[in-house]
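Below is one structure, written out as structure tokens; comments come after it.
Atoms within a ligand are numbered from 1 in the order they appear, just like the ligands themselves.
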Amino acid sequence: MKVLQSLAEVKEWRCSLAPDESLGLVPTMGTLHAGHRSLLAAARTGCDRVALSIFVNPKQFAASEDLGAYPQHAEEDLESAAEEGVDLVWFTREEEMYPERFVTRVELLPLADRLCGKARPHHFGGVALVVLKLFNIFAPRRAYFGNKDFQQATIIERMVADLNLDIEIVRCPLVREPDGIALSSRNLNLSREGRRSALALSRGLFAAGELHAGGERDVSSLLLAASGVIRSEARVELEYLELVDPTSLEPFDQVVPDGGALLLVAAMLDGVRLIDNLFLGGGDGSRDEGSG
Ligand code: PAF
């Protein structure tokens, strides 16, 4: 496994691949958990070569957010990458990604200003920008994203379609701990008590899921079932809870259609921002569910 720091070396590595070798890219911010590892495993199965980028991208954080507190565990990440059979790890440097005089922006409204974008108006522009740069640098045949960040994966798919990028976006299922909590690098920043309280999010989603499985289609009833469980945990500050169309991310306001709906939640807990989602209707709502 090659571990590189400089952009020039990465480009050289990319050029050394044979034209018919397929490259799978897994862009991450590091602190790899089982969710990231499932992306690497999917890339390993689906492609001849696998590249992993690790970069805590400052452009997707506002000044008030947790950029400085974002966990970083480079050594453990290298172990995980080696175990997953990664060919190249790139520890991207900020000065190479965003050199002086960098001004370009990427905008994907209105997808980017709903849900998480309401509280984080700058966020998805920063994500799309860095992902587009990574796509240009690596020219992968496939890139892998988890449905835990459902809105992010939807936005990236949109960008790839809008800009005619010749890259297949492979969406992999959200991965949960055995007790139901969605895996996230930020979980490491929760106290033991906070970790327990965080379970309210998945339990709330599952409560709505059960109601939906029993035939309930009324949006208010489904949201109430979830919010009742989530709000019973006093430490959780609910940011949003919405039932949306998984493709347009537009909210349903009366009844959910037979095809199903995506229930998403975001909340703050002890200063840590957590997100989770559940597709009501079977599967996980993405078009390319878990393939690759
Ligand atoms: O999901 C993430 O870890 C990040 O948003 C990504 C896609 C690597 C862009 O920085």
With no hydrogens and no angle check, just 3.5 Å: does a side-chain donor-acceptor pair link [X] and [Y]?
X: Ser202; Y: Asp276; value: no
X: Asn57; Y: Tyr98; value: yes
X: Thr154; Y: Glu157; value: no
X: His123; Y: Gln151; value: no

Measure and list all N/O to N/O distances between ligand 1 and the protein that fall under 3.5 angstrom.
unit_1: ligand 1; atom_1: 1 (O); unit_2: Gln152; atom_2: OE1; d: 3.4
unit_1: ligand 1; atom_1: 1 (O); unit_2: Gln152; atom_2: NE2; d: 2.8
unit_1: ligand 1; atom_1: 5 (O); unit_2: Gln60; atom_2: NE2; d: 2.9
unit_1: ligand 1; atom_1: 5 (O); unit_2: Gln152; atom_2: OE1; d: 2.7
unit_1: ligand 1; atom_1: 10 (O); unit_2: Gln60; atom_2: OE1; d: 2.6

Given the ring of Phe252, does Arg217 sit roughly above its face, with NZ or CZ under 6.0 Å from the centre of the six-membered ring and within 45° of the axis?
no
Listed once per pair and sorted, the ring-ring contact (aromatic ring centres under 6.0 Å, His included) pairs that draw on residues 14-36, sequence neighbours left out
His33-His36
